[in-house]
Amino acid sequence: MEGARFIRAEARRPDLRFPFPKDFVKRLTGKTVTGLGRRAKYLLADLSSGEVLLMHLGMSGSFRVEKSGQQATPGEFYHPRGESGKHDHVVFEMSSGLTVIFNDPRRFGFMKLIAREGLENEPHLKALGPSRSAIASTRKRSRNPCAAKKTSLKAALSDQRVVAGLGNIYVCEALHRAHLSPKRRASTLSDKKGHPTDGARDLADAIRFVLNEAIKAGGSSLRDHRQTTGELGYFQHHFRVYDREGEPCPTPRCKGKVRRIAQVGRSTFYCPVCQR
DNA sequence: CCGCGGGCCTGAGAGC
DNA sequence: TGCTCTCAGGCCCGCG
């Protein structure tokens, strides 16, 4: 899409998670994509009109690319689920000769147009806490975003306002690597040095480590996720606790078994022995 | 203000 | 085979 112009845009449903603006199609048609970016789980396309197309994949959203006016030959482009059509909600026909199709069975995803000057005040983006790169910067690591949180670590890390970009899998995996219990009150983490297992800094390290490794591995393919090449992600093979209920804890010399509990309506996997 | 449970959707898989 | 039930990678909203 980068550098290409929208020849035609089509919103086939009145709404995904939110209704489209009435003039959604009109505001895209004829505009050029001047840049693509990402903030936490949000995708952004800068437009020549001065607007930004903000997109979110929700749980089940995906894009696929086809040559305009013809079916993709097998393996040529990413083709999620093998079957297309049924949940193709948005279609972008680009001047590059490629058509980009947004497919989302559960419709938890959304698209929104925002003026670029207003981007920093956009509620979704404004609410985001520090990102992986922000917590990587030593200078910015002085403030512990969990300090004021009375909830469990699991709930705190799942909250995009505390730390941006973690989903259920990576919360479980980061907490296991930091040897911290998902049930522990977030505010009890120490900010000081010399707390080998109690430190917010160690947790920040674990978060960055897990996300960096997962990105290197092309993400986690539980069922739908594919890399842009169509290849599966393979970080699921590096899971230490997620979806491993009953298996022995992979921490060296730990005799624990992975447990599964529900927290805030979602599954948590952890080792009750080495995560405290 | 905060945290929690319920809700939004469809589909896949388990169990019967 | 087919039904029902549960659960899923995310997030918002109303309630207490």
Side-chain angles (χ1 to χ4, degrees), chain A residues 12-20 38-43 54-63 78 80-90 102-112 122-129 131-132 145-176 182-188 207 210-211 213-215 217-228 232-246 260-269:
Chain A
R12 296 183 174 172
R13 287 193 67 103
D15 61 313
L16 296 175
R17 180 141 63 89
F18 309 119
F20 288 103
R38 178 190 64 80
R39 297 265 282 270
K41 299 177 189 175
Y42 296 92
L43 308 171
L54 179 70
M55 299 169 280
H56 196 294
L57 299 174
M59 295 267 265
S60 58
S62 64
F63 289 96
Y78 166 43
R81 287 172 182 272
E83 189 199 351
S84 56
K86 190 169 181 192
H87 298 292
D88 290 349
H89 303 312
V90 183
F102 180 71
N103 181 288
D104 185 6
R106 291 176 75 179
R107 281 190 281 123
F108 288 172
F110 70 85
M111 291 193 189
K112 201 174 170 183
E122 205 287 325
H124 290 100
L125 300 179
K126 202 174 181 178
L128 291 177
S131 65
R132 172 177 56 110
C146 281
K149 285 287 163 185
K150 291 181 179 173
T151 35
S152 64
L153 277 174
K154 168 63 185 276
L157 296 193
S158 306
D159 186 339
Q160 305 299 301
R161 294 169 298 184
V162 178
V163 187
L166 288 174
N168 201 32
I169 290 176
Y170 301 120
V171 170
C172 295
E173 293 297 312
L175 285 174
H176 182 265
K183 295 194 270 192
R184 178 162 163 171
R185 239 169 115 100
S187 60
T188 65
I207 290 168
V210 165
L211 290 183
E213 291 298 304
I215 289 165
S220 306
S221 291
L222 298 188
R223 54 164 31 113
D224 301 319
H225 171 72
R226 296 291 185 283
Q227 302 188 52
T228 51
L232 291 169
Y234 45 94
F235 191 70
Q236 65 277 16
H237 304 304
H238 300 274
F239 289 171
R240 296 199 185 161
V241 288
Y242 187 84
D243 208 17
R244 291 186 175 276
E245 185 182 15
R260 171 195 172 131
I261 58 171
Q263 286 181 291
V264 207
R266 311 199 67 85
S267 282
T268 296
F269 298 87

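Letters A, B, ... mirror the listed sequences (proteins, then strands); counts begin at 1.
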Original post:
Within this structure, what is the CG-to-C1' distance between A:Asp104 and B:dT10, rounded to whole angstrom?
Top reply: 9 Å
Subject >> Set of residues satisfying side-chain hydrogen bond (donor to acceptor under 3.5 Å, both in side chains) with respect to A:Arg13, sequence neighbours excluded >> reply: none
**OP:** Measure from the side-chain N and O atoms of A:Glu173 to the backbone N and O of A:Val171, and report whether any donor-acceptor pair falls under 3.5 Å.
**Re:** no
Original post:
Distance check: side-chain N/O of A:Lys86 vs OP1/OP2 of B:dT10, anything under 4.0 Å?
Top reply: no
Original post:
What string of B, S and - do you get for nucleotides 7-16 of chain C, 5' to 3', when a contact is any protein heavy atom under 4.0 Å?
Top reply: SBBBSS----
Original post:
Name the stems with DNA chain B in them: runs of three or more consecutive Watson-Crick or G-U pairs, distances under 3.5 Å?
Top reply: B:2-8 with C:10-16, B:10-16 with C:2-8
Original post:
Got A:Pro182 and A:Gln263 here, is their nearest side-chain heavy-atom distance under 4.5 Å?
Top reply: yes
Subject >> Pairing residues for A:Lys41 by the salt bridge (charged side-chain N to carboxylate O under 4.0 Å, His left out) criterion, not counting sequence neighbours >> reply: none
**OP:** Grab the CZ-P distance between A:Arg185 and B:dC4 for me, whole Å please.
**Re:** 10 Å
Subject >> Partners meeting side-chain hydrogen bond (donor to acceptor under 3.5 Å, both in side chains) with A:Arg185 (sequence neighbours left out) >> reply: none
Original post:
How far, in whole Å, is B:dG6 from C:dT6 if one measures between their P atoms?
Top reply: 13 Å
**OP:** Determine the Euclidean distance between corresponding P atoms of B:dG5 and C:dC7; express it in Å to zero decimal places.
**Re:** 15 Å
Subject >> Listed once per pair and sorted, the side-chain hydrogen bond (donor to acceptor under 3.5 Å, both in side chains) pairs that draw on residues 233-246 of chain A, sequence neighbours left out >> reply: A:Arg244-A:Glu247
**OP:** Could you tell me how the ring of A:His56 sits relative to the ring of A:Phe110: parallel (under 30°), tilted (30 to 60°) or perpendicular (over 60°)?
**Re:** parallel
Original post:
Does OP1 or OP2 of B:dC9 have a side-chain N or O of A:His87 closer than 4.0 Å?
Top reply: no
Original post:
Given the P atoms of C:dG14 and B:dC9, what is the spacing between them in whole Å?
Top reply: 15 Å
**OP:** Take A:Phe239 and A:Cys172, measure what side chain to side chain contact (heavy atoms under 4.5 Å, CB included) needs, and give me the verdict at the end.
**Re:** CA-CA 9 Å; A:Phe239 289 171; A:Cys172 295; over 6 Å; no
